[in-house]
Amino acid sequence: MTDLMARRRALLGPNVSTFYDDPVHLVRGEGVWLWDAEGRRYLDCYNNVAHVGHCNPRVVRAICDQAATLNTHTRYLHEGILDYVERLTATFADPLKTAILTCTGSEANDIALRMAEAMTGKRGIVATDATYHGNTALVSHLSRSNVPGVGFGLGQYLRHVEAPDSYRIPDPDGQRFAAGVEAAIADLERSGAGFAALIVCPLFLNEGFPTLAEGWLRPAAEAVRRAGGLLICDEVQSGFGRSGSHFWAHQRQGVVPDVVTMGKPMGNGHPVAGLVTSAEIMARFRGAFRYFNTFGGNPVSCAAAMAVLDELQERNLQANAARIGLLAQRRLGELAAKYPVIGDVRQSGMVFGAEFVLDRRTRAPASAYADRVVNRLRQRGILLSKLGRHRNTLKIRPPMPFGEEHLDLLIATLDEILAETPVAA
């Protein structure tokens, strides 16, 4: 392991992140399981990239068959991208019926922001103060957790609003958040940048996936429309049935965005991503920007993405996400009754977790404790992470085939670790 880390530093440079104090050297995956170089098996409770399971046979077969037939770019005609976009857009409400396929969610979000500029003639973007939307020069500035030290003077075009926090800041109907968005819009207009778009993950997953009522985002969406801007929903983490109740999380929020972006789970690990928007916005973007992506929408990517849709439908994985999410919330609630360090439990389908606090009365975050728990789970063969503004909420986001027997193992292991891990270091 020491030699491997030294090689990484020498070949990839410094500050290349790894998970855990003791990084995992993975060599194989299958379903919800991963194996390291020593043959140890780990339950993957983190990965939305392998959306329908690691090395899913249907997806692997689709990639191999298409790669053995043809792979080229979209300046040549092929049916694969058209068949996929027709099927993908059928999962959206009107007028979201056109798409651009890319390789990463970062690219998709970058295009979405350019679409907002093309439609409005303005550049001001509003995001939350605890979000992440990717790593292009433009999109990377939306994050407040790792603010770029240099850039292209983009800060003048960005405003950040307080992220929702259902545990600490009451906002049952979304009016508080909408007021923050309105204030940010007004500030952008006063500055001369103007307002182009609000971009959010509709589950606010990086923000800690707070508990939000259906339709919670609607007041903010209405504020955006009154101001003439676009609503961009980043569904890279929340889409493709993960929320359980709906195929896309924005549908639960009762809004129809102007642009929806997607990525990681789209090809089950094959690098395919994209966005869906209206014909009007697409036409305006195509007229304002000359955009082409050599690998975006290639036949192999489209075959992988189509296989993911097949797997989701035929295995009824959205319903599985809804069922397991509710069960996980109940099981985590039982742990909360035993351990005061758990201040709050929340779930949105196949995303669930517990927020750790030092004191339930003050709700002071137990960030260091969360880090210890995550690392001890790794030592016991459970892979997950933490997130939220205070980095104190367990991020449990397993592949969609995650079942009740896997949840039993997770909860039993977490119970043991909470029992043996004191809150004070």
Side-chain angles (χ1 to χ4, degrees), residues 106 108-165 168-202 204 206-207 210 212 215-234 250 253-261 275 277-278 280-281 284-285 287-289 389:
S106 295
N109 282 327
D110 194 283
I111 293 169
L113 297 183
R114 283 189 266 173
M115 285 181 166
E117 182 180 359
M119 285 298 292
T120 65
K122 302 175 182 180
R123 294 183 173 181
I125 305 298
V126 179
T128 81
D129 60 359
T131 193
Y132 175 77
H133 293 288
N135 56 26
T136 68
L138 172 56
V139 175
S140 64
H141 282 77
L142 298 175
S143 174
R144 295 291 86 191
S145 61
N146 189 17
V147 182
V150 295
F152 298 94
L154 299 175
Q156 63 183 308
Y157 301 113
L158 306 178
R159 297 294 183 274
H160 292 88
V161 297
E162 181 181 68
D165 183 345
R168 293 176 177 82
I169 306 170
D171 188 15
D173 54 6
Q175 293 293 340
R176 177 189 174 96
F177 181 73
V181 169
E182 288 180 320
I185 290 171
D187 191 45
L188 283 167
E189 292 290 351
R190 284 193 300 269
S191 75
F195 170 62
L198 167 68
I199 180 169
V200 294
C201 165
F204 296 90
N206 282 310
E207 293 87 338
L212 305 175
W216 185 91
L217 189 57
R218 194 176 296 123
E222 291 169 353
V224 168
R225 300 276 161 65
R226 284 195 300 270
L230 271 59
L231 173 63
I232 301 169
C233 280
D234 178 344
H250 70 262
Q253 293 282 6
V255 299
V256 178
D258 298 287
V259 185
V260 179
T261 59
L275 62 81
T277 189
S278 68
E280 178 189 6
I281 293 173
R284 188 76 66 87
F285 170 76
F289 295 91
R389 183 193 304 279

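Computed from a prediction, not measured in an experiment: that's the story for all the values here.
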Distance-only, no hydrogens or angles: does the [X] side chain make a donor-acceptor pair with backbone N or O of [Y] under 3.5 Å?
X	Y	answer
Asp258	Leu231	yes
Glu189	Phe195	yes
Gln253	Leu217	yes
His160	Leu142	yes

What are the two closest heavy atoms between [X] and [Y], and how far apart are they?
X	Y	value
Thr120	Ala196	OG1-CB, 3.5 Å
Val200	Phe177	CG1-CZ, 4.3 Å
Ile185	Ala223	CD1-O, 4.1 Å
Val255	Ala221	CG1-CB, 3.8 Å
Pro219	Gln175	CG-NE2, 3.7 Å
Gln156	Ala193	O-CB, 4.0 Å

So, applying side-chain hydrogen bond (donor to acceptor under 3.5 Å, both in side chains) with His133, which one of Asp110, Asp234, Thr261 is it?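 Testing His133 for a side-chain hydrogen bond (donor to acceptor under 3.5 Å, both in side chains) against Asp110, Asp234, Thr261 leaves exactly one candidate, Asp234.
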
Answer yes or no: is there a side-chain heavy-atom contact under 4.5 Å between [X] and [Y]?
X	Y	answer
Thr277	Leu230	no
Asp129	Arg389	yes
Asp171	Trp216	yes
Ile232	Met115	no
Phe289	Glu117	yes

Measure the spacing between [atom1] of [X] and [atom2] of [Y] and express it to the nearest 0.5 Å.
X	Y	atom1	atom2	value
Tyr132	Asn109	OH	CG	9.5 Å
Leu275	Cys233	CG	SG	12.5 Å
Leu188	Arg159	CG	CZ	4.5 Å
Thr136	Leu113	OG1	CG	7.5 Å

Does Arg218 come within less than 4.0 Å of Asp173, counting only side-chain N to carboxylate O? no

